[in-house]
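Throughout, protein chains are lettered first and strands after them, A, B, ... in sequence-line order, and every chain is numbered starting at 1. Please read all numbers here as calculations on a predicted model, not as lab measurements.
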Protein chains: 2
Amino acid sequence: MEIDLSRPILARNDALAAGNRARLAAAGVFALDTLASPGAGKTTTILATIDALRERYRIAVIEGDIASRVDADRVKAHGTPAVQINTGGACHLEADMISRALDALALDGLDLVIIENVGNLVCPTEFDLGQDARVVILSVPEGDDKPLKYPGAFAKAEAVLLNKVDTIGFFDFDDEAFVDYVRRLNGHAPIFRMSAKTGEGVAEWAEWLAARIEASRTL
Amino acid sequence: MEIDLSRPILARNDALAAGNRARLAAAGVFALDTLASPGAGKTTTILATIDALRERYRIAVIEGDIASRVDADRVKAHGTPAVQINTGGACHLEADMISRALDALALDGLDLVIIENVGNLVCPTEFDLGQDARVVILSVPEGDDKPLKYPGAFAKAEAVLLNKVDTIGFFDFDDEAFVDYVRRLNGHAPIFRMSAKTGEGVAEWAEWLAARIEASRTL
């Protein structure tokens, strides 16, 4: 006998995510979830995004990792409130973890919470956290074919960030093929080419995010 | 009520893995499982390993991906038999998938089967496939701190391959810190610095693998 527990687990998660979403909306806080492979530059991208938007919004970060607190320490050293979630082995964040992280943040003093999911292009895609928007970050060294191999992450993203474009001369990365692979899965998400390290392209992405936040406020 | 199905699922997987292991041993075939993030260079590393060992061993490859068959096509174009497994969303290979892939290979005409697991440093670590050895591949662009964040993959690896070392001047990668992080988790696994693309360091890794294969035959 096999028992499929995925449906009840996801249904329970979806209910908790709806609760997070209502709580964030009541506090006027926009939540952005970021998905990427290990090493795609999630934390560096988040810090660059904070630098671009810190004069307009009050921002905090929720860091998801299997173990360690190096990312939350980096964010705090940067002067931004951060909560570290250690999943203790789990390959993705779930809505109840976010609920507990929100308990640790002073939501009334915030406009934007950026969530860094566990480095994994597969499992996090199934779990709604209550976010307003979810984006996927791919880095040039990972290769142009990744949308073909990890379609779920790209199909559901509201925006695609191609990071580490400053290294493109160093890798066999076919930008045209990459765009084609993304468009097979996702006809609408804008693709931002950027380097969180050098700052190239960060402003365009940050402006999109700011417009997305403003649009959510007028609903 | 919560039901923990992880134990029975893993117990069933372990039983199937033991069956794979017995079947491979009876056929005199060594099975190597490779774990890595998306884009770490798993397929390129496997092709370079085949080039280094093809005169000594008859080799086939089992490719694990959520979707697509681009990797199996690459391996076949290289002149090596390959079976593609599409997990249809699952974030790791399981022993029953390998059992079916072995059905598709002529084991009596092989010495070595290299398995490319799904690109994911988390979930595959829990699932025994019946392999003789499992190694983890990290690429320089992913960063030196990855053992801290994905300890399971590094703690259980028999060898650690640091790939894309030809790009080390381009990234802030602290080799000394990386070795320290690996050693906190794994006191014994050799660390091979290599570039599957340029061929640098591939011979040393291939010699280790050949010695490991020979050692298994004298048991």
Checklist line | From B/Ser139 atom OG to A/Glu142 atom CD, the distance as rounded to the nearest 0.5 Å | finding: 8.0 Å
Next item on the list: Heavy-atom distances under 4.5 Å only: say whether B/Lys146 touches chain A with side chain, backbone, both or neither.
Entry: side chain
Next item on the list: Under 4.5 Å heavy-atom distance to chain A, tell me which part of B/Phe171 shows up: side chain, backbone, both or neither.
Entry: both
Next item on the list: To the nearest 0.5 angstrom, please state how far the CG atom of A/Asp145 sits from the OG atom of B/Ser68.
Entry: 7.5 Å
Note to self: Quick check on A/Tyr150 against chain B: is it the side chain, the backbone, both or neither that has a heavy atom closer than 4.5 Å?
What the structure shows: side chain
Next item on the list: Name the member of A/Pro141, A/Ala67, A/Pro38 that forms the most heavy-atom pairs with chain B at distances under 4.5 Å.
Entry: A/Pro38
Check: Given a strict heavy-atom distance threshold of 4.5 Å, which part of B/Ile66 is in contact with chain A: side chain, backbone, both, or neither?
Finding: both
Note to self: Counting heavy-atom pairs under 4.5 Å with chain B, which one of A/Gly41, A/Gly119, A/Ala40 comes out on top?
What the structure shows: A/Gly119
Item checked: Nearest-0.5 Å distance that lies between atom NZ in B/Lys149 and atom CD in A/Glu63 -> 7.5 Å
Margin query: Using side-chain heavy atoms (C-beta onward) and a distance below 4.5 Å, is B/Lys197 in contact with A/Asp172?
Written below: yes
Next item on the list: To the nearest 0.5 Å, tell me how far A/Asn120 CG sits from B/Cys123 SG.
Entry: 5.5 Å
Check: In terms of heavy-atom proximity below 4.5 Å to chain B, should A/Leu148 be classed as side chain, backbone, both, or neither?
Finding: both
Next item on the list: Name the option with the most non-hydrogen atom pairs under 4.5 Å to chain A; the candidates are B/Leu121, B/Asp71, B/Val118.
Entry: B/Asp71
Next item on the list: With a 4.5 angstrom heavy-atom cut-off, could you sort out which part of B/Pro151 is near chain A: side chain, backbone, both or neither?
Entry: side chain
